[in-house]
Number of protein chains: 2
Amino acid sequence: MNTEHSLKEEEAGKVIGANLRQFRINKGLSIEALAKQIGVSKLTLIKIEGGEANPTLSVIWKIANGLNIPITALLSIESDVSIARKKEGLQLISSDDVFIVEPLFRSHDFTEFYRGYLKAEKAYVSDPHQPGVIEYITVMSGELIVEVGGESYHLEEYDSIRFKGNLPHKYVNPSSSLTILHFVITYNYR
Amino acid sequence: MNTEHSLKEEEAGKVIGANLRQFRINKGLSIEALAKQIGVSKLTLIKIEGGEANPTLSVIWKIANGLNIPITALLSIESDVSIARKKEGLQLISSDDVFIVEPLFRSHDFTEFYRGYLKAEKAYVSDPHQPGVIEYITVMSGELIVEVGGESYHLEEYDSIRFKGNLPHKYVNPSSSLTILHFVITYNYR
DNA sequence: AGTATAGGTAAATTATAATATACCAATTTG
DNA sequence: CAAATTGGTATATTATAATTTACCTATACT
């Protein structure tokens, strides 16, 4: 599991250090130049990059702001390449025969990807998620009605919707054919 | 612009405070109970929730870990509902007649969403992005070959791929019909 | 009524993040 | 070669994060 909250405490400092170094070098800045630019001492930056610091939020903010990147980019881990094929029989999350969900890239970066199938003329009521969760749904085939926040949104092929996942929401397939969906769930964000 | 790096310095503390309160209450924990559980003093938590603190990374880590959420969830802002329809003529980013990209939900949460069209038997070479950028591509219609990291991946309808966007990469449509794609670009992550 | 729990304040203390300054050893540059 | 530049170390100082303890005010519970 390459997820963030599987980090040990000391590791958080190494993550931010490695990320800072990567971003700084990518921008062609020396430690001293960056220090001067953002108003943080050179030694502080050296310690952070070396993973041997416990920086305060304000210093983290100054770095992210100075590099013009989101704070979260400094606290993130990532890796290589992976593929999710439709053919490969991925495990189904909810196979109540009406709404079927296949995880694609699971719990990675706290952005999760799913492929979903909603049968013709069927509906599915989703449990609300934690606050901070955002859902992005794209209709890859067919059509979909999303009911959320007291409103009803009718999506056609290749339309997308974005909403706060902590609101109760419902998916309806009003058509007479299968609707194929693409879900992105984020657990974050600015 | 509801982006993270548009925050002012003092605001970062208010964001983490509001998020902490939301997550804590959502889990039904009192400040004291959480304090005891994660080994951070009650007063520290009160100050953080009140937005009048400048917590260190280790305290931020303890909170996120104790609540079993990603660190980035504590530093994020979010909002309501929005829709991107295919019909609505969104501005095109790269219309060199071969590869057309439409932004869907732009620069939100540092996860960006695009719809892309790659013409039959055409290819597109993408400039590598900043380190820390991850691309997720899903084939909504047609087929696609992605060349990245010296490898070549052939995707069919509804397949998805994920890779580091700082590697040079190339998209090829080997078929004789239009390929319709869904892109997610993240600027983050663990 | 009294008791417990909850969020919050006030003060003093301890731990430590951040700073400034000087110095050092490699590169790199003129 | 000499002169910058860069990443890094060492030490001492200052600023402040985090802690502890005590106290206060509501609200909820019996």
Side-chain angles (χ1 to χ4, degrees), chain A residues 5 7-67 69 71-75 131-132, chain B residues 5 7-67 69 71-75 131-132:
Chain A
H5 61 259
L7 290 179
K8 290 164 192 143
E9 180 170 4
E10 344 104 40
E11 307 256 299
K14 309 208 170 170
V15 168
I16 194 174
N19 285 334
L20 167 56
R21 169 153 288 165
Q22 193 174 193
F23 280 108
R24 176 181 61 80
I25 291 175
N26 185 252
K27 300 221 174 193
L29 291 169
S30 70
I31 289 184
E32 297 191 16
L34 180 60
K36 196 173 177 184
Q37 180 186 323
I38 67 179
V40 170
S41 78
K42 168 189 154 186
L43 180 54
T44 296
L45 292 183
I46 288 174
K47 287 199 287 190
I48 291 173
E49 283 200 3
E52 45 195 13
N54 180 20
T56 58
L57 181 58
S58 73
V59 166
I60 296 171
W61 182 89
K62 283 178 190 168
I63 293 170
N65 196 57
L67 291 172
I69 56 178
I71 282 186
T72 51
L74 286 174
L75 297 168
Chain B
H5 61 259
L7 289 179
K8 288 162 191 147
E9 180 170 4
E10 344 104 39
E11 307 257 300
K14 310 207 170 173
V15 169
I16 194 174
N19 286 334
L20 168 54
R21 169 153 289 166
Q22 193 174 194
F23 280 108
R24 176 181 61 80
I25 291 175
N26 185 250
K27 300 219 174 194
L29 291 169
S30 70
I31 290 184
E32 297 191 17
L34 180 61
K36 197 173 177 184
Q37 180 187 324
I38 67 179
V40 170
S41 78
K42 168 188 153 185
L43 180 55
T44 298
L45 292 184
I46 287 174
K47 287 199 287 191
I48 292 173
E49 282 200 2
E52 45 194 13
N54 180 20
T56 59
L57 181 57
S58 74
V59 166
I60 296 171
W61 182 89
K62 284 177 190 167
I63 293 170
N65 195 57
L67 291 172
I69 56 176
I71 282 186
T72 50
L74 286 174
L75 297 167

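Below, read A as the first sequence line, B as the second, and so on, with proteins coming before strands; counting in each chain starts at 1. Any value given below was found using the heavy atoms of this structure, including those in side chains, with hydrogens, waters and symmetry copies removed.
Nucleotide C:dG7 holds its C1' atom 15 Å from the CD1 atom of B:Ile48, rounded to whole Å. As rounded to whole Å, 13 Å separates atom C1' of D:dT13 from atom CG of A:Leu43. Taking atom NZ on B:Lys47 and atom P on D:dA18, their separation rounds to 8 Å, with Å as the unit. When rounded to the nearest whole Å, the span between NZ of B:Lys36 and P of D:dT21 equals 14 Å. Between the NZ atom of A:Lys62 and the P atom of C:dT19 there is a distance of 6 Å, given to the nearest Å. For B:Lys42 and D:dC23, the NZ to P distance is 13 Å, given to the nearest whole Å. In this structure, B:Glu32 atom CD and D:dA26 atom P are separated by 18 Å, rounded to whole Å. Atom-to-atom, CG of A:Asn54 to C1' of D:dT16 comes out at 13 Å; the value is rounded to the nearest Å.
Rounded to the nearest 0.5 angstrom, A:Ile31 CD1 and A:Thr44 OG1 are separated by 11.0 Å. Once rounded to the nearest 0.5 Å, the distance linking CG of A:Leu20 with CG of A:Leu75 reads 11.0 Å.
Across all strands, B:Thr56 comes closer than 4.0 Å only to sugar-phosphate atoms, never to a base (heavy-atom distances). At a threshold of 4.0 angstrom between heavy atoms, the contacts of B:Ser41 include nucleobase atoms, whether or not backbone atoms are also involved. Contact annotation for A:Ile31: backbone-only contact, meaning every heavy-atom pair under 4.0 Å involves sugar-phosphate atoms and none involves a base.
For the OP1/OP2 pair of C:dG7 and a distance below 4.0 Å, the side-chain nitrogens and oxygens of B:Arg24 include at least one atom meeting the criterion. Put simply, A:Ser30 has no side-chain N or O that comes within less than 4.0 Å of OP1 or OP2 on D:dT5. When the side-chain nitrogen and oxygen atoms of A:Thr44 are compared with OP1 and OP2 of C:dA17, none of them lie within a distance under 4.0 Å. Within the 4.0 Å cut-off from OP1 or OP2 of D:dT6, not a single side-chain nitrogen or oxygen of A:Arg21 is found.
Within the 3.5 Å criterion, the main-chain N or O of A:Thr56 finds no donor-acceptor partner in the side chain of B:Asn54.
A:Val59 has its side chain out of reach of B:Leu57: every pair of non-hydrogen atoms, C-beta onward, lies at least 4.5 Å apart.
Between B:Ala33 and B:Glu52, the residue anchored closer to the 5' end of DNA chain C is B:Ala33, taking for each the nucleotide with the nearest heavy atom.
Residues A:Ser30 and A:Ala33 approach most closely at OG-N, 3.0 Å, considering heavy atoms.
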